[in-house]
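Reminder, nothing fancy here: chain letters follow the sequence lines and each chain counts from 1. Quick caveat: nothing in here was measured; it's all calculated off a predicted structure.
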Amino acid sequence: DTGVSQDPRHKITKRGQNVTFRCDPISEHNRLYWYRQTLGQGPEFLTYFQNEAQLEKSRLLSDRFSAERPKGSFSTLEIQRTEQGDSAMYLCASSLDPSRETQYFGPGTRLLVL
Amino acid sequence: DAKTTQPPSMDCAEGRAANLPCNHSTISGNEYVYWYRQIHSQGPQYIIHGLKNNETNEMASLIITEDRKSSTLILPHATLRDTAVYYCIVRVGSVDGGSQGNLIFGKGTKLSVKP
């Protein structure tokens, strides 16, 4: 257990539905990252926050995706109008900045879109 | 795209040393080498990182060649619980400036430790 928690751990939804995932980072960590991982591939970066500011978004993050970190603590990732191609593991990681480089990953949320 | 090349899979006997190679021939002077691993159905786990000197911690050793174009992660006494996908990543450190922080993963090496 790294101290990063994600909820839910598994989600099954029907195409077209909206889903929201939550990530609780290690409390003193000011950087929070979201990654997506499909079967047989390494994780791919989606977006990251420094405190409450969203500083970078990958081109993978289409306009159906939105992430927030309103108080600089937990973060949510919402996918609107889900598609079957959104089926993946969604990973959250946190780190201290700038002196510490290690990212601590949560267990992930596995999404299946039917 | 990932800046590293790793073999897709390796086997290792339990109790023996596992030596996982990584090529990063285009590494820049301010880029670090990081290793993470991912055990099935879990999130990636940090193992070790280095710039140019060899590094050792309680999990592993990292050997970086003098020209920094390749490195080897060494698990000195592999156990069945070390079976995982191992990722070698190069990135600029944020202390050196300019790092956005995100990790760029390749496909990694699937290490199977066998009894």
[atom1] of [X]: more than 12 outside heavy atoms within 6.0 angstrom?
X       : atom1 : result
E52(A)  : CD    : yes
I12(A)  : CD1   : no
R15(A)  : CZ    : no
L114(A) : CG    : yes

Exercise for the section: May I ask whether L62(B) and Y32(B) are part of the same hydrophobic cluster, defined by side-chain heavy atoms of I, L, V, M, F, W, Y residues being less than 4.5 angstrom apart, directly or through others? Expected result: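 No, because L62(B) and Y32(B) fall into different hydrophobic clusters, even though each may have its own neighbours under 4.5 Å.
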
Exercise for the section: Is it possible for you to say whether L32(A) and L61(A) belong to one hydrophobic cluster, with membership spreading through side-chain heavy-atom contacts below 4.5 Å? Expected result: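 Yes, because L32(A) and L61(A) connect within a single hydrophobic cluster, where side-chain heavy atoms sit under 4.5 Å apart.
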
Handout entry: Side-chain donor or acceptor of Y46(B) paired with backbone N/O of F105(A) under 3.5 Å
Key =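 No; zero donor-acceptor contacts below 3.5 Å.
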
Exercise for the section: Give, for atom OG1 of T102(A) and atom CD1 of I47(B), the distance between the pair rounded to the nearest 0.5 Å. Expected result: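 So the gap between those two atoms works out to 11.5 Å.
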
Problem - T2(A) OG1 to Q42(B) CD distance, which is reported to the nearest 0.5 Å - result: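 Between atom OG1 of T2(A) and atom CD of Q42(B) there are 10.0 Å.
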
Problem - Minimum heavy-atom distance between Y87(B) and Q41(A), given as atom pair plus value - result: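 Closest approach of Y87(B) to Q41(A): OH-O, 3.9 Å.
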
Practice task
Quick one: closest heavy-atom pair of P44(B) and L91(A), and the distance?
Solution key: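 Residues P44(B) and L91(A), closest heavy atoms: CD-CD1, 3.9 Å.
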
Practice task
Identify, with sequence neighbours excluded, every residue that meets ring pair (Phe, Tyr, Trp, His ring centres under 6.0 Å) alongside F21(A).
Solution key: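 If we apply the ring pair (Phe, Tyr, Trp, His ring centres under 6.0 Å) test to F21(A), skipping adjacent residues, the hits are Y90(A).
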
Exercise for the section: Find out whether F105(B) and F45(A) are in side-chain contact, i.e. whether some heavy atom of one side chain is under 4.5 Å from a heavy atom of the other. Expected result: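 The answer is no; the side chains never approach within 4.5 Å.
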
Handout entry: Check: Q103(A) and L103(B) side chains under 4.5 Å, non-hydrogen atoms
Key =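 Counting from C-beta outward, L103(B) and Q103(A) do come under 4.5 Å.
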
Exercise for the section: Below 4.5 Å from any heavy atom of chain B, which atoms of P43(A) appear? Answer side chain, backbone, both or neither. Expected result: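 Answer is both: backbone and side chain atoms of P43(A) are under 4.5 Å from chain B.
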
Problem - Per-residue contact mode, E44(A) against chain B (heavy atom under 4.5 angstrom) - result: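 Neither; nothing under 4.5 Å.
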
